[in-house]
There are 2 protein chains.
Amino acid sequence: MSNIKNLKEFAQLAGVSTATISRALSGTGRVSEETRERVAALAERLGYQPNATARNLRTQRTMTIGVLVPLGHEAAQHLSDPFFNTMTGFLADALSDHGYDLLLSRVLPKGDRWLDRYIGSGKVDGIIVIGQSTEFAVIETVSRRYLPMVVWGGQVSGQNHCSVGSDNRKGGALAIRHLIERGCRRIAFAGPTQGPEFGERLQGVKQVLRETGLSETLIELPSHFEPGAAFEDIRAQLEGIAAMPDGIVAGSDVTAIGVLRALQALDIDVPGQVKVIGYDGLPVGAQVSPPLTTIDQQLRHGAGMIVDLLLRRLAGETTESRMIEPILIVRAST
Amino acid sequence: MSNIKNLKEFAQLAGVSTATISRALSGTGRVSEETRERVAALAERLGYQPNATARNLRTQRTMTIGVLVPLGHEAAQHLSDPFFNTMTGFLADALSDHGYDLLLSRVLPKGDRWLDRYIGSGKVDGIIVIGQSTEFAVIETVSRRYLPMVVWGGQVSGQNHCSVGSDNRKGGALAIRHLIERGCRRIAFAGPTQGPEFGERLQGVKQVLRETGLSETLIELPSHFEPGAAFEDIRAQLEGIAAMPDGIVAGSDVTAIGVLRALQALDIDVPGQVKVIGYDGLPVGAQVSPPLTTIDQQLRHGAGMIVDLLLRRLAGETTESRMIEPILIVRAST
DNA sequence: CAGCAATGCACAATCGATTCCACAAACTGC
DNA sequence: GCAGTTTGTGGAATCGATTGTGCATTGCTG
């Protein structure tokens with residue numbers, strides 16, 4: 001390998017000006033075919049590549065998208081959360097398909113300036129926020145003056161920021177209908193209570209219960225977000241329960257897995273005695289036993305949609321929020 | 001929010017030179033305390049932040065570390081792999097503790113220049129490679145001329161590149177000894193066969209078997225890397241097996257989870273009829289049922305170590321590879 | 001063959017910071 | 001009160017690319 005440090009040096013070796021090199025390598029502007037080929041060959045041979053930072057400065061674009069995971073109170077636990085990690089992976093794929101890099105940032109939201117600070121640094125061309133968490137208001141405010149931002153999460157009426165997420169109400173309804181069809185009558189809803197997404201899912205469940213005249217029987221089992229704590233929460237509540245439910249809708253797959261473990265710890269058969277359905281469609285759901293019935297949010301598809309919308313916004317378009325169709329995936333837990 | 005675009009503009013508003021602003025905000029160089037405070041207050045009020053790209057160009061550092069996941073043949077599947085995702089999360093934490101950002105890249109290794117290309121672009125100050133996969137040779141070559149690189153993976157004698165990983169041979173030995181203590185006599189090893197790490201783990205197992213005079217009985221159950229395919233591989237092999245093993249060492253937790261499912265599908269009780277032990281210590285292992293006994297590689301600790309070594313190399317030190325002590329975590333699968 | 005357009009290339013400005021150097025003012029010691 | 005240091009600040013070079021403008025040279029048309 002050689003020691004070409006910069007364009008100027010390379011240009012001298014090639015015997016042309018830096019301008020010509022730049023145009024030859026980027027394929028823009030008028031350069032003779034012969035020169036272009038000669039330069040390209042030399043660059044390949046010497047291993048020359050234009051410096052990304054300098055280019056970014058000059059072109060005012062970084063070709064990098066920041067992915068932010070706002071960590072709420074349960075900071076330490078989120079890090080290994082399968083949902084975020086899975087989503088990040090899909091986003092990385094979708095972005096790299098379009099030539100963008102992914103800058104991953106764990107953010108502890110502090111005050112209401114954390115998003116501004118991130119944007120102001122100019123490290124990225126646009127941002128993707130995974131989950132509104134407790135930061136809905138901050139995101140909403142920023143979205144009014146900063147366009148290239150797309151959020152994974154729930155969608156409420158009147159919302160300004162562009163979000164992508166499944167139709168949580170519909171998904172909740174799907175879940176509960178499935179349990180009812182399977183014969184469940186004493187239904188419980190397990191999961192975290194805060195955040196717009198979970199609320200909507202719960203609403204979907206309640207609505208169907210009302211419609212079918214079962215509404216009196218809904219049991220609520222609040223739990224933490226994090227897998228281990230969720231398991232403990234659920235187990236503690238189920239252990240002392242007066243009448244065991246025969247069907248449990250979980251607010252997420254992570255919660256559902258906690259529910260499965262709790263039931264197993266209490267020696268309750270799934271799906272024999274209790275049926276369990278999750279929400280998310282994480283790959284890991286297929287790997288637990290019994291494999292988890294769930295509402296699939298089509299995360300891979302969602303990631304593609306997020307990136308697509310973001311690119312449009314980067315180009316100046318204004319885009320509407322999108323809902324993803326939730327899909328029932330029946331496995332062995334119901 | 002205001003519309004300060006750059007240092008020059010801000011300097012005019014503040015009534016001092018750009019040089020002074022820069023020094024005041026960065027805290028380097030000689031600036032009177034009074035000026036410093038005034039500038040800082042104004043910057044806070046106007047929301048001014050120096051442009052990261054320009055700074056990167058001038059200082060010749062990006063404060064960004066690239067994390068590369070070389071995808072072997074099983075490209076499509078790796079993306080949702082819990083191991084990579086977990087590791088990436090821990091690395092993100094460790095890096096941000098030191099003020100570095102994490103640039104995530106999925107790389108399809110093509111030819112032997114992919115690493116050079118990545119380094120040559122100048123987007124990052126250093127790189128972390130997760131898993132040597134089939135790219136051991138490329139990594140080794142590059143490591144001779146490019147210092148700021150640390151690799152998660154196995155360590156072989158004479159290796160030049162700096163790697164961090166558990167003592168795979170020792171870990172394999174730990175796993176098999178545990179099974180033997182639990183009374184297992186017909187041992188199987190399940191998992192992918194390529195890659196230095198898995199090989200070492202298998203060697204550890206074999207060595208202990210030899211020492212205890214059980215070596216004749218090792219059954220090998222090769223499988224794909226990816227969870228779903230691994231499950232199928234294992235199930236197919238166990239289904240037609242002449243004599244079922246009573247203890248299975250899996251090459252990774254992901255494989256182990258596939259083994260658990262395969263056994264469940266065949267209606268074989270774990271740990272009653274067959275005991276299963278994994279390798280990695282992924283959080284998800286605690287969430288499956290039965291919770292997985294495993295060899296913990298202390299990934300969080302490992303990530304911290306990788307970052308620590310990388311920072312040293314960035315500072316010009318040469319560093320040796322490190323082994324992480326594998327730890328037996330006993331759960332319900334054995 | 002003159003006149004004009006198209007082509008290929010080089011010069012120099014520019015992106016937005018950091019930092020070396022110079023210089024003036026304030027301070028020190030004798 | 002003067003020489004010598006310290007302190008605070010500004011001017012200008014610099015990082016490494018991209019790109020607008022201008023100047024030859026070549027090719028084409030009538």
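Here is the naming used below: chain letters follow the sequence lines, and residue numbers restart at 1 for every chain. Side-chain atoms are counted along with the backbone in the values below, which use heavy atoms only and exclude waters and symmetry mates. These numbers were taken from a predicted model, which means no experiment stands behind them.
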Has [X] got a side-chain N or O lying under 4.0 Å from the OP1 or OP2 atom of [N]?
X	N	value
A:Thr20	C:dC9	no
A:Tyr48	D:dG16	no
B:Gln60	D:dG16	yes

Could you tell me whether the side chains of A:Arg312 and A:Thr319 share a donor-acceptor contact shorter than 3.5 Å?
no
Check: A:Arg61/A:Tyr100 side-chain N/O donor and acceptor closer than 3.5 Å
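Short answer, yes.
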Within this structure, what is the [atom1]-to-[atom2] distance between [X] and [N], rounded to whole angstrom?
X	N	atom1	atom2	result
B:Arg55	C:dT18	CZ	P	5 Å
B:Arg58	D:dA12	CZ	C1'	11 Å
A:Leu7	D:dC15	CG	P	13 Å
B:Asn6	C:dG16	CG	P	5 Å
B:Arg23	D:dT9	CZ	C1'	7 Å
B:Leu57	D:dT14	CG	C1'	9 Å
B:Lys8	D:dG11	NZ	C1'	12 Å
B:Phe10	C:dC15	CZ	C1'	20 Å

Among D:dG20, D:dT9, D:dG10, find the nucleotide with the atom closest to the side chain of A:Ala19.
D:dG20
Of all the choices, D:dG16, C:dT19, C:dG16, which nucleotide is nearest to the side chain of B:Asn51 once you look at every atom?
C:dG16
Ring-plane angle category for B:Tyr48 and B:Phe10, please: parallel below 30°, perpendicular beyond 60°, tilted otherwise.
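If you compare the ring of B:Tyr48 with that of B:Phe10, the planes turn out parallel.
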What about A:Arg30, does its side chain sit under 3.5 Å from the base of C:dT7 through a donor-acceptor pair?
no
Kindly say whether B:Thr28 contributes a backbone atom to a donor-acceptor pair with the side chain of B:Arg23 at under 3.5 angstrom?
no
Decide yes or no on side-chain contact (heavy atoms from CB on, under 4.5 Å) for A:Asn85 and B:Thr88, but give the supporting numbers first.
CA-CA 8 Å; A:Asn85 290 333; B:Thr88 305; over 6 Å; no
Given A:Asp125, A:Asn56, A:Asp101, the one that forms side-chain hydrogen bond (donor to acceptor under 3.5 Å, both in side chains) with A:Thr62:
A:Asp125
Under a 4.0 Å heavy-atom cut-off, which of residues 32-44 of chain B touch DNA chain D?
B:Ser32, B:Thr35
Which part of the nucleic acid, if any, lies within reach of B:Ser22 when heavy atoms closer than 4.0 Å are counted: base, sugar-phosphate only, or nothing?
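It contacts base atoms.
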Excluding sequence neighbours, so at least two apart, what forms ring-ring contact (aromatic ring centres under 6.0 Å, His included) with A:Phe136?
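With sequence neighbours excluded, A:Phe136 shows a ring-ring contact (aromatic ring centres under 6.0 Å, His included) to A:His161, given in chain and number order.
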Both B:Thr18 and A:Ala52 contact DNA chain D. Taking the nearest nucleotide for each, which residue is further toward the 5' end?
B:Thr18
